[in-house]
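Note sheet for the following structure.
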Amino acid sequence: DAGITQSPRHKVTETGTPVTLRCHQTENHRYMYWYRQDPGHGLRLIHYSYGVKDTDKGEVSDGYSVSRSKTEDFLLTLESATSSQTSVYFCATTGTGGVETQYFGPGTRLLVL
Amino acid sequence: SQQGEEDPQALSIQEGENATMNCSYKTSINNLQWYRQNSGRGLVHLILIRSNEREKHSGRLRVTLDTSKKSSSLLITASRAADTASYFCAVGVPNTDKLIFGTGTRLQVFP
């Protein structure tokens, strides 16, 4: 267990509201990732970070933004939540190269009504 | 688009039997990894095989990699009910910091 926590673990929100999910790690890992998991799609990368203030887009980044102001925290913001963003969101980290073993948090279940 | 595609999508076996899952991918890779996910939990790394390796073992797990066919297989020997989970392959994309995950195989092991 790489000491990764996610908050909140469950959230229900309404369409059009902003939502921020937090990932916190205690391993001093350089790389952090946000994925979403939907039935039939597996895990899809939203955004990732390769250092403080260094972020890049994944394959499903539209409607999401991220920020990383310190090593241990990586925030994912849904700027204006839509029903299509109902999903389970996972944070992952790795301390070595980004293509090496990743360690996952427990996930956040988000329901957008 | 997904790099890794697992086959079968679902697999049901009895305890003691072997379970084999396959993963196919589309382009060159740095490595290929297998992860396990229990229901409602995060993914847990099982094993990593590099592009220049052909086979790797870890306990009851055996992974093979055939880069010419762009495919990998995960064999779980002597399955237990506790092996019931979803299994995902993920490919490390060269010159990036990314893994691309497949859609997973759902394994059910009956006591």
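Every chain is numbered from 1, with letters handed out A, B, ... down the list of sequences.
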Quiz item: Counting heavy atoms not belonging to B/Q9, are there more than 12 under 6.0 Å from its CD?
Solution: no

Quiz item: Should B/V91 and B/M21 be counted in the same cluster of Ile, Leu, Val, Met, Phe, Trp and Tyr side chains packed under 4.5 Å apart?
Solution: yes

Quiz item: Any link between A/M32 and A/L75 through a network of hydrophobic side chains (Ile, Leu, Val, Met, Phe, Trp, Tyr) touching at under 4.5 Å?
Solution: no

Quiz prompt | Gap separating the OH atom of A/Y50 from the CG atom of B/D97, nearest 0.5 angstrom | solution = 8.5 Å

Quiz prompt | Side-chain donor or acceptor of B/N30 paired with backbone N/O of A/V99 under 3.5 Å | solution = no

Self-check item: Cluster check A/F90, A/L110: I/L/V/M/F/W/Y, side chain < 4.5 angstrom
Solution: no

Quiz item: Of the backbone (N, CA, C, O) and the side chain (C-beta and beyond), which part of B/L48 lies under 4.5 Å from a heavy atom of chain A, both, or neither?
Solution: side chain

Quiz item: Is A/I4 linked to A/L21 within one hydrophobic cluster, defined over Ile, Leu, Val, Met, Phe, Trp and Tyr using a side-chain heavy-atom separation of less than 4.5 Å?
Solution: no

Exercise. Let me know if B/Q37 has heavy atoms under 4.5 Å from chain A in its side chain, its backbone, both or neither.
Key: side chain

Quiz item: Are any non-hydrogen side-chain atoms of B/V44 and A/F104 less than 4.5 angstrom apart?
Solution: no

Exercise. Taking all heavy atoms of A/E100 and all of B/L99, pick out the closest pair and write down the distance.
Key: O-CD1, 4.0 Å

Self-check item: Over 12 non-hydrogen atoms of neighbours within 6.0 angstrom of CG in B/N95
Solution: no

Quiz item: Between A/Y48 and B/K98, is any pair of side-chain heavy atoms under 4.5 Å apart?
Solution: yes

Exercise. Supply the atom-to-atom distance B/I100 CD1 to A/R44 CZ, rounded to the nearest 0.5 angstrom.
Key: 11.5 Å

Practice problem: Using the rule that two of Ile, Leu, Val, Met, Phe, Trp, Tyr join whenever any of their side-chain heavy atoms come within less than 4.5 Å, decide whether A/Y64 and A/Y33 are in one cluster. | Solution: no

Exercise. Nearest 0.5 Å please: distance from the CG atom of B/N31 over to the OG1 atom of A/T101.
Key: 7.5 Å

Quiz item: Non-hydrogen atoms of chain B under 4.5 Å away: do they reach the side chain of A/Q37, the backbone, both or neither?
Solution: side chain

